[in-house]
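For reference, the structure I am asking about is given below.
Fair warning: this is a prediction, and the values are worked out from it, not measured in the lab.
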Amino acid sequence: MSGGGTIKYEIEKVRNIGFAAHIDAGKTTTTERVLYYTGRIHRMGDVDEGTATTDWMIQEKERGITIQSASTTCFWKDHRINIIDTPGHVDFTAEVERSLRVLDGLIVIFCGVSGVQPQSETVWHQADKYEVPRIAFINKLDRIGADPEKVIEMMEERLAANALRVQLPIGLESDFVGVVDLVNRKKIYWDVDWTGEHFRVEDFDGDPELEKAYEELVSRLSEIEDEILDLYVKNGQVEPARLKKVIREATIKGKLVPVLLGSALKNKGIQPLLDAVIDYLPSPIDIPPALGINPKTGDIEERRPDPEEPFSALVFKVQADVRIGTLLYARVYSGTIKVNKKVLNVTKDRLSRITRIYIMHANKKEPRMEAMAGEIVAFVGPKDAMTGDTFADPEHPILYEGLEFPEPVVSVAIEPKTLKDLEKLEETLNLLLAEDPTFRVRRDDETGQLIISGMGELHVEILVDRLKREFKVPVRVGKPQVTYRETITQEAEAEVHFERELGGTRQKGSVKLKVYPLKQGRGSKYEIGAEVPEELREALEDGLREGLTFGPLLGYPVIDVGVNILKVATGEDVTPLGTRIAVLNALQEALRKAKPILLEPYVEVEILVPGEFVGNVVSDLGVRGGELLGVELHSANLQKIRAKVALKRMFGYATDLRSLTQGRGNFWMKLSHFAPVQEGEMESMSSVG
């Protein structure tokens, strides 16, 4: 089992995969070992020491966590593996989301002690959304309390995963020395070389316990393909290649999740994991062609992953580079693009030239003269491109579905230390806005302050830290505030007639509409009658989209509201701009009539503490107004406390928990829902950020 070297481009030998997990499950450590064994790096880095290859940002090195998804490429057994290492912290879930949009396969890493944790659950459901085939890797089997069977049970219960045991552990905790490879009927031991490069392999023929496990594997696979059982009955075993073929097909279709085992930190189990990437995860030609809309005809078209097809690519990440400008990370879905060729940004209907193409290795760049179907690369050249934009051959345009991201929930006021820094601050914020689709900037109408918003305290803290250190902009920052939402509690109608001269043209429009509340979590939607002319329909949609971004109470985004357009003027003197202004004004009037209320974010919190501190933590959650969901045994010496708490009550909780538990507690939280702000608190809301 060895790999490395370079190969010619063969698309069937390409794997576009990601690593995803809850924070501290060992994802970046696993990526580091993969890069080492494939010869991509020559010394294994360490997350705790700040030397991991894919954690290259100064903020990542200091905190020992992944903040930005990092792309790299390596080779194993004549296959090219393009890897995206994604963050595990809930504040950076959007980084996972945009990576999953362009990946063909995913390795989800679970801690062998903690099992399915909140962020691994979130990642799993994101992969379900994009129908990404996946492998599970149960890591940290050298740790005290490691129990892979418990983890598999949690996968099946919490994730509805159809887990397939393709490996068994040889020993656990301090006795973990290797794995049983059931498919190949081998025992693999890493008990000689501390770097894990060398291992010994033994057959397990005749071992009753392992023969039984092998029979169970064959039985599971015979449910997918009948002939497997016939071969087993006839020969006593099945050729590994045949079993791999069935596992691969079932994995790609989402019917099975192969489960592999190891300890990345102790360099055990990584080579079989690489083999499984090749054996079980799809190449670009194993998944359905990419579907998009022809902007000229409106018809749905497909693009096959063929270098000879018309070029098309989707931008999934934008990154500011102080030396060369903006890097556009893109998945090439079809065709071939060469340096200095013109492409059409179909999303913005703008022609641009690709001036440089890079294969990325974390923050290092390898120049290329061309990029082909199935590749993940970085482009330089096109201006104003954003995450979710489609690039295509100008003669054969296609528009792929973009990406949707959640609205931020935490805000802080920010200002430059001196007036001369204001322009630089605004320029830098625009760069960060282009990079991060979950980052928002607005200016408060009353105070004139700049308000920046992100997905959590850590997200905002990192953004501010980057402003100061990476972009050298000195700033003052206010205290974190939650970003609220608005909704309505009853139906209401409004009709607005608009007519005014704007820019030397008479603008006219008339709209009648109804708003009504939707169930919690439904978002917002609108319905427009089919009889409306196309140019007015676009104006109505633009006005409604804008109108739902600010509510009538305090200007926060509006959620869980339905809008029906009841009547639209369509005469010859009616203009799109007049109609847009009319629907915007009508929507705001109807929302004001519909008894609007303010909603605040609540988070679900999981806290791990030694048993002697449970009382302190539960009591503190009560003081914060939290709803206790349960206390359960997590491991031999840790209890898990689950609760729901208003986000505003959780600011600074990391410091408070350290104090409550003598530094021995850990916690994670994720957004749960929005709920009405309690009466009595509304009076103070008008002063919120």
ask   = Side chains of Y329 and Q319: do they bring a donor and an acceptor to under 3.5 Å?
value =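 Their side chains do contain a donor-acceptor pair, which is all the 3.5 Å distance test asks for.
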request  = Verify side-chain contact (heavy atoms from CB on, under 4.5 Å) between L106 and V123, making sure each step is shown before the conclusion.
outcome  = CA-CA 10 Å; L106 185 68; V123 167; 4.1 Å; yes
query = Checking R331 side chain against V102 main chain: does a donor-acceptor pair fall under 3.5 Å?
reply =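 Pair found, side chain donor or acceptor close to backbone of V102.
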message = With a 4.0 Å cut-off on N to O distance, would you call K187 and D181 a salt bridge?
response =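 Here K187 does not pair with D181 in a salt bridge, since their nearest N and O are not under 4.0 Å apart.
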query = Aromatic rings F199 and W190: how do their planes relate, parallel, tilted or perpendicular, breaks at 30° and 60°?
reply =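 If you compare the ring of F199 with that of W190, the planes turn out tilted.
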query = Salt bridge or not for E149 and R165, using N-O below 4.0 Å?
reply =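 Answer for the salt bridge query: yes.
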Which atom of E604 lies closest to which atom of S672, heavy atoms considered =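 Answer, listing the atom of E604 first, then S672: N-CB, 3.8 Å.
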task = Grab the two heavy atoms, one from D275 and one from K77, that are nearest each other, plus how far apart they are.
result =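 Result for this residue pair: OD1-NZ, 3.1 Å.
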message = Would you say that L243 contacts L221 through its side chain, given a criterion of any heavy-atom pair below 4.5 Å between the two side chains?
response =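 Heavy-atom side-chain distance check passes, below 4.5 Å.
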key: Stepwise side-chain contact (heavy atoms from CB on, under 4.5 Å) test for F667 and I641   = CA-CA 9 Å; F667 80 102; I641 303 164; over 6 Å; no
ask   = Which of these, I188, V177, D175, sits in a side chain to side chain contact (heavy atoms under 4.5 Å, CB included) with I170?
value =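 The option that passes is V177.
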key: Nearest heavy-atom neighbours spanning N267 and R33   =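 Heavy atoms of N267 and R33 come nearest at OD1-NE, 2.9 Å.
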Output side-chain donor-acceptor pairs under 3.5 Å for residues 138-146, partner residues at least two apart or in another chain, one line each.
{"unit_1": "N139", "atom_1": "OD1", "unit_2": "A264", "atom_2": "N", "d": "2.8"}
{"unit_1": "N139", "atom_1": "ND2", "unit_2": "A25", "atom_2": "O", "d": "3.0"}
{"unit_1": "K140", "atom_1": "NZ", "unit_2": "D24", "atom_2": "O", "d": "2.6"}
{"unit_1": "D142", "atom_1": "OD1", "unit_2": "S263", "atom_2": "OG", "d": "2.7"}
{"unit_1": "D142", "atom_1": "OD2", "unit_2": "K266", "atom_2": "NZ", "d": "3.4"}

request  = Please tell me if the side chains of M154 and K150 come closer than 4.5 Å, counting only heavy atoms from C-beta onward.
outcome  =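 Contact flag for M154/K150 side chains = yes.
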ask   = So does E211 pair up with R185, basic N to acidic O under 4.0 Å?
value =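 Yes, this pair counts.
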ask   = Between R642 and K640, is there a donor-acceptor pair closer than 3.5 Å when you use the side chain of the first and the backbone of the second?
value =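 It does not hold such a pair.
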query = Are any non-hydrogen side-chain atoms of D104 and L281 less than 4.5 angstrom apart?
reply =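 They are not in contact (no side-chain heavy atoms under 4.5 Å apart), so the answer is no.
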query = Just by distance, do the side chain of N162 and the backbone of K255 share a donor-acceptor pair under 3.5 Å?
reply =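 Flag set: sc N162 to bb K255 pair under 3.5 Å.
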Flag, side chain of Q167 to backbone of L261, donor-acceptor distance under 3.5 Å =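 Flag set: sc Q167 to bb L261 pair under 3.5 Å.
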request  = Measure from the side-chain N and O atoms of T38 to the backbone N and O of V34, and report whether any donor-acceptor pair falls under 3.5 Å.
outcome  =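 Pair found, side chain donor or acceptor close to backbone of V34.
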request  = Please step through salt bridge (charged side-chain N to carboxylate O under 4.0 Å, His left out) for the pair R15 and D279, ending with a clear verdict.
outcome  = CA-CA 10 Å; R15 301 290 182 271; D279 291 337; over 6 Å; no
Pairing residues for F613 by the ring-ring contact (aromatic ring centres under 6.0 Å, His included) criterion, not counting sequence neighbours =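 Expected list: none.
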query = Do the non-hydrogen side-chain atoms of S114 and H22 ever get within less than 4.5 Å of each other?
reply =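 Side chain of S114 against side chain of H22, heavy atoms only: no contact under 4.5 Å found.
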